[in-house]
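Reviewing the structure listed below.
Each chain gets a letter, A, B and so on, in the order the sequences are listed, and its residues count up from 1. Keep in mind that what you see is a predicted model, and the values were worked out from it rather than measured.
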Amino acid sequence: MTKFSDLNLDKKVLKAVEETGYETPTPIQAGAIPPALEGRDVLGIAQTGTGKTASFTLPMISMLKRGRARARMPRSLVLAPTRELAAQVAENFDAYAKHTKLTKALLIGGVSFKEQDALIDRGVDVLIATPGRLLDHFERGKLILSDVKIMVIDEADRMLDMGFIPDIERIFGLTPFTRQTLFFSATMAPEIERITNTFLSNPAKIEVARAATTSENIKQGVVMFKGGAKNAADKHRLLRDLIKSEGDECRNGIIFCNRKIDVDAVAKSMTKAGLDASPIHGDLDQSHRMKTLAGFRDGTLRFLVASDVAARGLDIPNVSHVFNYDVPSHAEDYVHRIGRTGRAGKKGTAIMICVPRDEKNFDDIERLVEMTIPRVEMPGAPAPKAEPKSDEAPSEEKPKRTRTRGGRGRKSDAAKTEETAVETPKIEDAPKQDAPNAEAEKADAPKAENTRQEPSDKPKRSRGGRNRGKRDNNDRGPQIVGMGDDAPDFIAKSFVERQGS
DNA sequence: AAAAAAG
């Protein structure tokens with residue numbers, strides 16, 4: 001079994017890692033760190049929750065340790081799609097760079113330029129940014145990117161969703177050809193592939209996917225709510241009843257709504273009913289967002305009512321419950337949302353409210369997660385539990401979601417990642433891994449039984465899901481790895497195709 | 001019919 005100490009990381013980095021208590025790298029870490037340390041480009045295909053962040057911060061810190069930044073000329077650059085994710089990377093960097101003298105700056109929107117300017121002027125080793133604010137600084141002539149040695153793109157597919165790709169291309173163009181690029185995406189849509197073909201050179205490709213689309217630690221439920229969509233008060237009350245019916249088990253929770261308006265309304269109704277809740281969405285000012293999130297993290301706030309700002313990537317340990325006030329309209333978002341609970345091997349509960357007009361989206365979700373989400377009877381009657389199945393079957397025996405571990409040829413993660421770490425520039429031959437899901441998060445116990453050798457018989461393109469609608473019902477073969485096949489249709493399309501549809 | 005990010 002590979003240990004962090006086998007990875008050739010700088011001693012001071014290793015020390016910081018040890019202090020966090022982690023010993024065993026996750027598959028993405030074991031796969032990405034060695035080639036990154038050799039100076040190679042890395043293409044990491046991994047979801048959030050696989051330990052991705054450390055897979056680039058650790059080698060970066062190791063490599064940057066020598067040398068010092070000049071004024072306005074950062075030596076490395078990390079781009080993330082949302083402010084919160086950028087901030088999270090910055091925290092991760094702080095944790096692992098604490099025994100080094102490296103400096104960093106976090107450049108995100110919604111906060112004043114002044115402090116950011118001062119840091120840049122002083123010279124930083126690591127710049128962590130959202131694309132808009134970075135370009136803003138650049139255009140004001142405050143930033144020179146010609147000394148960037150390492151550039152990281154995190155959550156590239158989300159950047160694509162958010163229309164950041166032109167900005168990303170532009171930023172690539174501002175950095176030197178000779179830079180090393182570490183590029184991470186959950187899926188390889190054609191547009192993403194085009195970017196990587198253009199800007200990466202002979203990358204080591206590491207692919208890691210979740211073992212199951214949703215963690216087995218998460219107990220799921222749905223309430224089919226027939227109440228009128230016109231009357232928000234009914235739905236608010238239903239939500240509160242659901243929370244109540246969970247009793248003490250519900251220590252805290254995130255309530256996801258599809259619209260910012262509803263985020264505010266739900267938060268208000270909860271507060272009014274005496275529940276400790278605060279809203280978070282993109283219209284709230286940044287310092288407020290940060291404060292709310294911090295409060296939720298440290299337990300002073302019990303309920304976070306959120307838009308999809310908070311759906312992806314955010315690592316908040318110890319979230320006992322996720323409530324989907326609305327059915328998300330992209331099935332993939334469901335997985336991201338409920339993945340905020342059941343993290344790091346802990347148990348979690350995810351309950352969703354589905355109204356009649358959401359049923360189509362709901363069907364998509366059930367198809368994506370490949371299970372029937374247990375129906376929760378309307379509360380009012382006390383505490384119908386969220387998972388009828390639990391009496392008969394202990395949670396480790398849910399056959400439907402374990403297809404990825406069905407194969408022969410199981411290998412230990414260590415063996416597997418070694419293969420991955422060697423030269424794998426050729427896409428088709430890159431071995432794939434099924435990652436442990438939530439547990440992998442904390443780098444403590446990658447599960448060998450989740451690892452499986454993938455025969456490379458499947459044409460690359462079919463993973464993009466172009467034909468997904470037709471194929472879904474009858475071709476859910478075991479080749480599916482991670483969300484490649486489950487990506488929403490549009491993700492697989494080029495911009496031109498999207499305009500056509 | 002939405003959210004996010006630059007203002």
Side-chain angles (χ1 to χ4, degrees), chain A residues 48 77-89 106-114 116-117 120 127-143 153-171 174 185-186 229-230 232 235 254-267 279-290 292-293 304-314 324-337 340 354-362 364-365 488-491 498 501:
Chain A
T48 61
L77 175 61
V78 180
L79 292 171
T82 67
R83 298 168 185 173
E84 276 77 7
L85 285 171
Q88 200 168 278
V89 171
L106 176 62
L107 305 189
I108 58 175
V111 296
S112 102
F113 282 92
K114 214 171 134 198
Q116 299 178 356
D117 279 341
I120 298 170
L127 203 55
I128 300 155
T130 47
R133 182 52 76 98
L134 182 89
L135 285 171
D136 212 337
H137 278 282
F138 179 79
E139 277 155 15
R140 295 164 57 232
K142 290 287 184 184
L143 199 53
I153 307 292
D154 197 11
E155 306 252 329
D157 50 339
R158 181 127 197 246
M159 302 242 195
L160 174 66
D161 285 351
M162 292 170 62
F164 279 155
I165 293 301
D167 287 348
I168 296 299
E169 291 188 73
R170 186 168 163 220
I171 295 166
L174 300 173
S185 182
K230 41 212 143 169
K235 208 173 169 188
I254 305 179
I255 294 98
F256 283 106
C257 306
N258 289 359
R259 295 171 202 74
K260 289 180 278 199
I261 292 194
D262 290 321
V263 169
D264 288 329
V266 168
I280 186 166
H281 59 67
D283 283 354
L284 298 170
D285 76 67
Q286 191 57 27
S287 64
H288 189 275
R289 273 162 69 171
M290 297 283 207
T292 303
L293 202 57
L304 187 67
V305 188
S307 69
D308 280 321
V309 233
R312 295 202 199 195
L314 290 189
N324 276 299
Y325 180 82
D326 294 308
V327 176
S329 48
H330 291 303
E332 197 187 335
D333 288 334
Y334 176 75
V335 179
H336 288 295
R337 287 181 179 185
R340 296 315 97 202
C354 177
V355 300
R357 52 179 264 191
D358 289 335
E359 274 166 21
K360 193 183 158 299
N361 289 331
F362 179 70
D364 290 342
I365 289 169
D489 289 347
F490 76 91
I491 267 191
R498 285 185 213 189
S501 60

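Within 4.0 Å of A:R140, counting heavy atoms only, lies no atom of the nucleic acid at all. Heavy atoms of A:R158 sit nowhere under 4.0 angstrom from any nucleic acid atom.
Scored by the side-chain hydrogen bond (donor to acceptor under 3.5 Å, both in side chains) test, A:D167 finds no partners at all (sequence neighbours excluded). A:D308 pairs by the side-chain hydrogen bond (donor to acceptor under 3.5 Å, both in side chains) definition with A:R337, not counting sequence neighbours. Here A:S287 pairs with A:D285 under the side-chain hydrogen bond (donor to acceptor under 3.5 Å, both in side chains) rule; sequence neighbours left out. Residues that satisfy the side-chain hydrogen bond (donor to acceptor under 3.5 Å, both in side chains) test with A:D358, not counting sequence neighbours, are absent from this structure. Remark: A:H137 pairs with A:F113 by the ring pair (Phe, Tyr, Trp, His ring centres under 6.0 Å) rule, at least two apart or across chains.
Bounding nucleotides for the chain A contact on DNA chain B, 5' to 3', at a heavy-atom distance below 4.0 Å, are B:dA2 to B:dG7.
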